2 protein chains.
Amino acid sequence: MRPNKKDELVRKALTVFYRDGFHATGMDKLVAETGVSKTSMYKHFRTKEELIVAVLKLRDESFREWFERRVDELADTPADKILASFDALGEWFEEDSYRGCMFINAGAEFNCKDDPIRQEAAHHKQVLLDYFTNLARQAGARDPELLGCRILLLKEGAIVTSSLLGTAQPACDAKETARILLDEALKG
Amino acid sequence: MRPNKKDELVRKALTVFYRDGFHATGMDKLVAETGVSKTSMYKHFRTKEELIVAVLKLRDESFREWFERRVDELADTPADKILASFDALGEWFEEDSYRGCMFINAGAEFNCKDDPIRQEAAHHKQVLLDYFTNLARQAGARDPELLGCRILLLKEGAIVTSSLLGTAQPACDAKETARILLDEALKG
DNA sequence: CTCAAAGTGTACTGGTCGGTAAACTTTTGC
DNA sequence: GCAAAAGTTTACCGACCAGTACACTTTGAG
């Protein structure tokens, strides 16, 4: 149970930060909701910012792990995986606890360019871009980097729209749009 | 100078909220940065939330006014206006003060479903959706609602991506993507 | 069994939060 | 020119903010 308490803190803090936002979540609330004492928190993380960065690192890891696994379950070929990405997103949008993308939210709250929190968010998007670009390459797209960019645009757009309008419909719209882009990238 | 002080307060508060975020901006900072006394603020707006809603209403109005005017300057036909939208966005992304979409940011900070701030954000996106749908209809798209949705997805995706990655490039990517969607919606 | 690491509760700091009270000055309409 | 409306300054409220100090208990490895 040695490294568990720290991980447990990060895991529980993730839930609260995602639900209520970063600035709106004080360390006192975290103490109340995680059951971890404040003293212990500040033994693991020197500042709230350090804790948030740790939370984002966990989120990056666990989201991508879930996402890529789900896509693999839903489709076999690279081209189908690209389309299935939006089915996976749709499932996410329909969760009760869905609150948009944590990295977009973090970027909205911490605007300073060189903020490590913001850099963590940028990193997450970059890794997802690479994921889509790889799928595009494997699918035989004419310009994999370009198709990857476009798929990412659709994904981010679908997240923001579904979150603000409170419907999972954008996932379907994005999927059909992706189909058009995929066809265009594979033809000729 | 009767209605001016209130409008001036909202206008200046907009700048600060956009730059620093909503929760990170206290009323005391607003007093310091706007030159309007706190007493006077609370005479116009009963709560901080009311002020934020007023700020968002102004933002909705002024952003759309700027955006639609700029699009009209850049293109003549409805189809070209859809494409020119992304040129206008690109100009916005390159402004030093660019900090992403204020409504996306507001939605990230205020997550409660029935929060008036969130509803204001949803309204803004809905009005922009209508704008794109109208352009799509005028352009003779097969399914204007569908094309409108897709253009909106690209726009939101470009905003989020450009904001987090700190480059205006997504505007170009989105424009070329929109061209493909437009062709698809006009052909046959 | 023992000792150190890891965890705990409680109380505290100085500063900021959103919001209010009261007494005063300026601006405006008639 | 006079009253009301709109503005101001200053001081204050209780609550919460991030972060610390200290004395205490639990836990795990040798």
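Below, chain A is the first sequence line, B the second, and so on; all start at residue 1. None of the values given here were measured: they were computed from a predicted structure.
You'll find the ring centres of His23(B) and Phe110(B) inside the 6.0 Å limit.
Using a 30° and 60° split on the angle between ring planes, Phe67(B) and Phe63(B) fall in the parallel class, below 30°. By the 30° and 60° cut-offs, the orientation of the rings of Phe93(A) relative to Tyr98(A) is tilted.
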Exercise. Mind running side-chain contact (heavy atoms from CB on, under 4.5 Å) on Asp115(B) and Glu49(B) for me, showing each step along the way?
Key: CA-CA 9 Å; Asp115(B) 194 315; Glu49(B) 181 176 89; 3.6 Å; yes
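Counting to the nearest Å, the C1' atom of dA6(C) and the CG atom of Leu9(A) are 14 Å from each other. The interatomic distance linking Asp7(B) (CG) with dA6(D) (C1') rounds to 14 Å, in whole Å. Atom NZ of Lys6(B) and atom P of dT28(C) are 18 Å apart (whole Å). Regarding Lys43(A), its NZ atom lies at a distance of 13 Å from the P atom of dA23(D), rounded to whole Å. Atom-to-atom, NE2 of His44(A) to P of dA6(C) comes out at 8 Å; the value is rounded to the nearest Å.
Taking 4.0 angstrom as the limit, Ser40(A) places a side-chain polar atom (N or O) nearer than this to OP1 or OP2 of dT8(C).
Salt bridge annotation for Glu73(B)-Arg69(B): present, with a cationic side-chain nitrogen under 4.0 angstrom from a carboxylate oxygen. For Glu33(B) and Lys12(B), the salt-bridge test fails: no basic side-chain N is under 4.0 Å from an acidic carboxylate O. Ion pair Arg137(A)/Glu145(A) flagged as a salt bridge, since at least one NZ, NE, NH1 or NH2 atom sits closer than 4.0 Å to an Asp/Glu carboxylate oxygen.
With rounding to the nearest 0.5 Å, the separation of CZ in Arg118(B) from CG in Leu165(A) is 9.5 Å. Annotation: the span from Asp60(B) atom CG to Met102(B) atom CE amounts to 11.5 Å, rounded to 0.5 Å.
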Quiz item: Can you give one letter per nucleotide of nucleotides 14-20 of chain D, 5' to 3': B if a protein heavy atom sits under 4.0 Å from the base, S if only from the sugar-phosphate, - if neither?
Solution: ---SBBB
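Taken over five-pair windows at either terminus, the axes of the helix from dC1(C)-dG30(D) to dC30(C)-dG1(D) are inclined to one another by 30° (rounded to 10 degrees).
Of the N and O atoms on the side chains of Asp173(B) and Gln169(B), at least one donor lies less than 3.5 Å from an acceptor on the other residue.
For the segment residues 110-121 of chain B, no residue has any heavy atom less than 4.0 angstrom from an atom of DNA chain D.
For the pair Arg59(A) and Tyr18(A), the cation-pi criterion (under 6.0 Å, within 45° of the ring axis) is fulfilled.
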